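Structure first, commentary second.
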Amino acid sequence: MKRSKYVQLSLAASVAMAISGCGPTEKTYDLQKKYNFQSVQQCADEKLPVDVCSDAYMTAMAEHRRIAPVYASQADCDADFVAGWCQLDSNGQFIPKLGGFELTAEGQVTQSQVDAAQAQVPGSQASSGGSGFSTSSLLTGLLIGNMLSSNRNSYRSEPVYRYRDDRGDYGSSTLNQRVSNGATFGRSNQARYGSSNYTNTLRSSSQSSSVASATSRGGFGSKASARSGWGGGGSSS
Amino acid sequence: MKKIHCAERDDWKQTAENLGFLFHTIDDEPYWDESAYYQFTLKQIENDLEDPTTEIHDMCMDLVARVVQSEELLERLSIPAPFFDMIKTSWLEGHPHLYGRMDFSYNGTGPAKLLELNYDTPTSLYEAAAFQWGWLEQSIERGLLPKHADQFNSIDTKLHQAFAQLQVNQPFYFASMKDSVEDKGTTDYLRLVAEKVGIESRHIDIEDIGLTAEGRFVDLEDRWIPHLFKLHAWEFIFHEPFGAAIAESDTQFFEPAWKAILSNKGVLPLLWEFNKGHPNLLAAHLDTDPGKAVPKGWVRKPFFSREGANIELQTADGLIVKEDGPYTDAPFILQEFAPLPRFGDSYTLIGSWVIGDQAAGIGVREDNSLITKDSSRFLPHLILD
């Protein structure tokens, strides 16, 4: 047989689908997760979109250049971070090396996105009851990945640095977390920021830098309209 | 290949309207016409249409591979230089394509002759893939046609496969020009297929597509458009304000940019040059002097023309046929004239569909003139030995 076995003939069905899309709103779930990555690769390994990972890294790098504390001596810098972890910058001062980035994903996913993600993860058991659901980390990664791909405003990224805490244990965290835990970076010299209070600089820098922007329209279709009246008014054949 | 007059199904108009096939009649003129059908033998279908379609499609793919590597050839096709890289990249990265149609002059004997390629924005898809299929099924069911009648038409099945292979898991937007019912019929049908394989589909009018300051294409609610099927020719897009934003955007376009090469009639001389003497090809070359009269036995076609506009031909015995139109600003080609076969008062054209990379079926159109226009009628066909 040289023809299809079955063809769905009703074009009206696609119109119905479109209308049902505007119907009762679907159940949604809030999703928030913080990741601490040392590299873009590590981020991609968690199934997050690679472009989000590299963008998050670049954002952290730019922030690092702006807010990393600056020290006159290697010893002062090492004391606030980790020995051997500070490097000379182009002005002859010492700054900690970027240790990675903290990516905070925050947003909403719909029930159908959860269902679709489950279908992609064989054997995943998402128990969605009550107001939330618990999932495997693979499923969470997939959901967050989808959320990040469809809405680029749903994540923030900050630089993280290696440090030693009071008890001598090594850690890795953002400057803001260090400040909330009592760190002051008192020996750093923040002259190049022109700020007398370094912790204030940090607080203001962590605000989301997303800027509302204008969208332009009508940039497609003008050439075909100019030809309309011929060929049925469309630009197809 | 025979044209057989038959009784129309008495309820076909109601059926068409219930299904959402609203352009069965265009400007009070019939478009869907089942007062007759075309009957082919299986041999005619397989040897004379299906195999040549596959073969020509392969030649086309080879040709694209050559053209993207040559600025000289891209220039010959009147593609603006700022888009060379985008076209080349889309091909080298293997951006997938969905469909195309080649139009043949064929009368049942001898080789079908390729008149042109519609590889970027072909329409008449729903009527070929679905409505004509429904006509055969119902006519058999009602005892109007023999049970063993078949049709060269797995377009729908192959489209499902093509969409499934894309492995798209983000919203897929389908865009057509405002106010074109016929174009929307094509995109609505494609949406239907996409939804059936689990793709979330949305419609947007081409004029409504937005571009953010960050260079991202968005819908009317400023939501990102990850995948976009645009029933809007690349040759237009190249000259529109948003064209320059495509290469840097993160939207996947269907058909991909490399299709610009195949939707352009300038490709016909190249196809001939690289495959000279192929039985399914017509001699063609660039028209260096479009001011001159068309020679006997040749057709003049603009690079970018649709629905027969600006086509001029002179038959072997000196009859000149000409269609006016707006496509006067691009180069022209001259193509050897292969007259459409005449059945009764009508001239018949065969549109042969390629889905993914496979020959998938045909649609037959008739016009009252040697040049097939948007006023043509679509007739069903069947295979019966």
Side-chain angles (χ1 to χ4, degrees), chain A residues 1-18 20-22 49 51-52 55 110 112-113 115-117 119-120 142 145-147 149-153 210-237, chain B residues 18-21 45 118 121-123 126 129-131 133-134 136 150-157 169-170 176-177 179-180 182-183 185-186 188-189 191-192 195-196 203 206-214 218 222 224 226 231-233 236-237 239-242 306-307 309 325-326 374 383:
Chain A
M1 195 158 81
K2 296 199 79 70
R3 69 182 189 274
S4 300
K5 282 204 180 66
Y6 173 75
V7 179
Q8 153 97 54
L9 295 178
S10 179
L11 280 175
S14 68
V15 178
M17 286 177 319
S20 74
C22 316
D51 54 335
V52 167
D55 183 54
T110 62
S112 57
Q113 284 171 315
D115 295 344
Q120 282 181 55
L142 203 59
N146 290 346
M147 180 179 85
S149 308
S150 56
N151 180 3
R152 301 294 159 129
N153 291 327
S210 133
V211 180
S213 61
T215 299
S216 54
R217 294 187 197 277
F220 284 134
S222 51
K223 289 288 166 187
S225 320
R227 309 260 188 189
S228 71
W230 303 90
S235 72
S236 53
S237 49
Chain B
N18 290 345
L19 293 174
F21 177 31
I45 290 289
N118 297 285
T121 60
T123 56
Y126 170 78
F131 202 73
W133 181 91
L136 180 68
D150 198 3
Q151 197 171 71
F152 179 31
N153 183 9
S154 58
I155 301 170
D156 186 82
T157 304
N169 49 27
Q170 308 227 42
S176 59
M177 294 284 292
D179 304 327
S180 174
E182 201 191 331
D183 284 6
T186 294
D188 278 351
Y189 170 63
R191 278 188 63 191
L192 197 66
E195 290 277 349
K196 289 265 281 301
H203 173 81
I206 280 164
E207 299 90 329
D208 285 341
I209 294 170
L211 180 64
T212 66
E214 294 80 29
V218 294
D222 280 336
W224 174 41
L231 199 55
H232 185 48
F236 292 136
I237 293 174
H239 298 282
E240 289 174 346
F242 285 175
R306 285 162 205 286
E307 311 285 5
D374 61 323
I383 306 171

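By convention in this document, chain letters (A, B, ...) are assigned in the order of the sequence lines, proteins followed by strands, and residues within each chain are numbered from 1. On a predicted model such as this, the values are computed, not experimentally measured, just so you know.
Note that OH of B:Y189 and CD of A:Q8 are 10.0 Å apart. Values are rounded to the nearest 0.5 Å. Rounding to the nearest 0.5 angstrom, the gap separating the CG atom in B:N153 from the NZ atom in A:K2 is 11.5 Å. Here the OG atom belonging to A:S10 is positioned 8.5 Å from the CG atom belonging to B:N18, to the nearest 0.5 angstrom. Residue B:H239 holds its NE2 atom at 11.0 Å from OG of A:S222, rounded to the nearest 0.5 Å.
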Test side-chain contact (heavy atoms from CB on, under 4.5 Å) on B:D156 and A:Y6 and set out the steps.
-> CA-CA 8 Å; B:D156 186 82; A:Y6 173 75; over 6 Å; no
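Between chain A and the residues B:S176, B:A129, B:S154, the most heavy-atom pairs under 4.5 angstrom are made by B:S154. Taking B:I155, B:T186, B:D208, B:I45 one by one and counting their heavy-atom pairs under 4.5 Å with chain A, the maximum is reached by B:D208. Contact count against chain A (heavy-atom pairs under 4.5 Å) is highest for B:F152 among B:F152, B:F131, B:F21.
Using a 4.5 Å cut-off between heavy atoms, B:Q170 contacts chain A through its side chain alone, with no backbone atom that close. Using a 4.5 Å cut-off between heavy atoms, B:I383 contacts chain A through its side chain alone, with no backbone atom that close.
Under the 3.5 Å distance criterion, with hydrogens and angles disregarded, a donor-acceptor pair is assigned to the side chains of A:T215 and B:D222.
For B:W133 (side chain) and A:V7 (main-chain N/O), no donor-acceptor pair under 3.5 Å exists by modelled atom type.
Scanning for salt bridge (Lys or Arg N to Asp or Glu O under 4.0 Å) contacts around B:D150 gives A:R3, with sequence neighbours left out.
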